[in-house]
Amino acid sequence: IHHVRMLLALYPGSFCVAGNHESKVIEQRRKGLFKESWTPDASDDDWKFLESLPLIKKLPDLNVTVVHGGIFPRFFESYPEGLSRIETNWHQSKGKYMARAKRFLRVRFVNPEGNMVSLGQETDEDVFWTERYDGREGYVFYGHQPYINPPEPRLSEHAAGIDTGCVFGGRLTAAVVTNDPRKAEFVSVSALQKYSQPRIEE
């Protein structure tokens with residue numbers, strides 16, 4: 001948390017979005033559980049910072065959406081208004097709309113009907129969500145899916161994946177967007193070490 005805050009302070013105008021790990025520890029805290037090693041020592045300011053992270057970030061001037069995991073197409077069939085109703089206090093929100101929107105934290109594969117498929121449950125008929133996303137919410141930059149063989153961003157028609165597996169000994173990658181997101185500049189640095197073993201290999 002402290003490193004992220006330092007980065008945001010060094011680069012005014014920068015931001016980050018919540019991911020599945022942030023969601024997990026916020027929920028654990030709500031239940032009085034502190035399963036991660038750092039959480040018992042987290043300050044009130046640390047928790048306020050985590051809870052302030054948006055579920056998505058829209059950059060209308062660039063026609064860009066930033067999300068941790070992805071967007072499953074079936075969401076738009078149920079909610080033609082798209083992402084416009086996502087609340088800032090998403091972790092406290094109730095109702096079907098926000099329950100489904102919270103799945104954006106974990107989306108990887110989707111089935112032929114456009115619904116999210118849980119990790120490890122995908123079949124030959126399922127595809128990565130970017131293959132079904134039609135660009136209606138702009139160009140999407142996402143993480144969550146580590147691309148480590150090789151550790152390079154993955155580009156598709158309407159999205160770019162920039163998780164290049166730093167925690168797994170890959171690279172840390174940023175997308176620098178000045179005008180057209182499809183012409184983003186990607187800047188990467190190598191991880192200092194391998195911090196964790198991936199659950200799945202790409």
*Could you give me the CA-CA distance, side-chain angles and deciding distance for E27 and R30, then say whether salt bridge (Lys or Arg N to Asp or Glu O under 4.0 Å) is met?*
CA-CA 5 Å; E27 185 61 27; R30 184 175 294 118; 2.6 Å; yes
*Could you give the distance from NE2 (H91) to CG (L50), rounded to the nearest 0.5 Å?*
9.0 Å
*asked:* Is there a continuous path of hydrophobic side-chain contacts, each under 4.5 Å between heavy atoms, that joins V25 to L33?
replied: no
*CE-CD distance between M98 and Q92, expressed to the nearest 0.5 angstrom*: 11.0 Å
*Determine the sole option in L105, N89, T88 for which the side chain to side chain contact (heavy atoms under 4.5 Å, CB included) test with L55 is passed.*
L105
*Heavy-atom side-chain proximity of V107 to Y133 below 4.5 angstrom*: no
*Flag yes if more than 12 heavy atoms outside D44 fall under 6.0 Å of its CG atom; otherwise flag no.*
no
_Centroid separation Y79 to Y97 less than 6.0 Å_ = yes
*Heavy atoms only: give me the nearest V64-P181 pair and the separation to one decimal.*
CG2-CB, 3.6 Å
_Short side-chain to backbone donor-acceptor contact, S190 and R171, under 3.5 Å_ = no
*asked:* Would you compute the distance between atom NZ of K94 and atom CD of E87 and round it to the nearest 0.5 angstrom?
replied: 11.0 Å
*Do side-chain atoms of E122 reach the backbone of G120 as a donor and acceptor pair under 3.5 angstrom?*
yes
*Connected hydrophobic set around V189, excluding itself, where side chains approach under 4.5 Å*: L172
_Let's go through S78 and R100 carefully: what are the C-alpha distance in whole Å and the side-chain angles of both, what is the deciding distance for side chain to side chain donor-acceptor pair (under 3.5 Å) to 0.1 Å, and is it a yes or a no?_
CA-CA 10 Å; S78 301; R100 291 187 180 182; 2.8 Å; yes
*Tell me whether V66 is reachable from F104 by hopping between hydrophobic residues (I, L, V, M, F, W, Y) whose side-chain heavy atoms are closer than 4.5 Å.*
no
*asked:* Within the supplied structure, the quantity of interest is the number of heavy atoms (other residues, nucleotides, ligands) at a distance under 6.0 Å from L192 CG; does it exceed 12?
replied: no
*Do V17 and F141 belong together in a cluster built from hydrophobic side chains that touch within less than 4.5 Å?*
yes
*Give a yes or no answer on whether the side chain of S52 reaches the backbone of F49 with a donor-acceptor pair at less than 3.5 Å.*
yes
*Kindly write out the residues that satisfy side chain to side chain donor-acceptor pair (under 3.5 Å) with E51, not counting sequence neighbours, or none if the list is empty.*
none
*Considering only heavy atoms from C-beta outward, does the side chain of T65 approach that of L83 to under 4.5 Å?*
yes
*Is the closest basic N to carboxylate O distance between R182 and E157 below 4.0 Å?*
no
*G170 versus P151, closest heavy-atom pair with distance*: CA-CB, 4.3 Å
*Under a 4.5 Å side-chain heavy-atom rule over Ile, Leu, Val, Met, Phe, Trp and Tyr, are Y139 and F128 clustered together?*
no
*Could you identify which residues cluster with V176, counting Ile, Leu, Val, Met, Phe, Trp and Tyr as linked when any side-chain heavy atoms lie under 4.5 Å apart, either directly or through a chain of such contacts?*
V187
*Can you check side-chain contact (heavy atoms from CB on, under 4.5 Å) on Y142 and H68, steps first, answer last?*
CA-CA 5 Å; Y142 67 95; H68 176 72; over 6 Å; no
*Would a hydrophobic clustering, with Ile, Leu, Val, Met, Phe, Trp and Tyr connected at side-chain separations under 4.5 Å, put I56 with F15?*
no
*asked:* Quick check: do W47 and T39 have side-chain heavy atoms less than 4.5 Å from each other?
replied: yes
All N/O donor-acceptor pairs, side-chain side in residues 69-77, below 3.5 Å, sequence neighbours left out:
{"from": "R74", "atom 1": "NE", "to": "E77", "atom 2": "OE1", "distance (Å)": "3.2"}

*Nearest 0.5 Å, what's the OG-CG distance between S118 and D126?*
10.5 Å
*Can you name the nearest heavy-atom pair linking W129 to A159, along with the distance?*
CH2-CB, 4.0 Å
_Going by side chain to side chain donor-acceptor pair (under 3.5 Å), name the residues that satisfy it together with Q193, two or more places apart in sequence or in a different chain._
none
*Can you tell me if H144 and D163 form a side-chain donor-acceptor pair at under 3.5 Å?*
no
*Could you verify whether a donor N or O on one side chain and an acceptor N or O on the other, from S43 and D46, lie under 3.5 Å apart?*
yes
*Would you mind listing every salt bridge (charged side-chain N to carboxylate O under 4.0 Å, His left out) that reaches into residues 136-145, with sequence neighbours excluded?*
K58-E137, D134-R136
*To the nearest 0.5 Å, what is the distance between NZ (K102) and CG (N20)?*
14.0 Å
*What are the two closest non-hydrogen atoms of W90 and L53, and how far apart are they?*
NE1-O, 2.8 Å
*Identify the heavy atoms of E36 and P40 that sit nearest to each other, and give their distance.*
O-CD, 3.4 Å
*Take Y147 and T173 through the test side-chain contact (heavy atoms from CB on, under 4.5 Å) and record every step on the way to the result.*
CA-CA 11 Å; Y147 297 116; T173 298; over 6 Å; no
*Work out which heavy atom in P146 is nearest to a heavy atom in R108; give both atom names and the distance.*
CD-NH2, 3.9 Å
*Could you give the distance from CD (Q145) to CZ (R106), rounded to the nearest 0.5 Å?*
15.0 Å
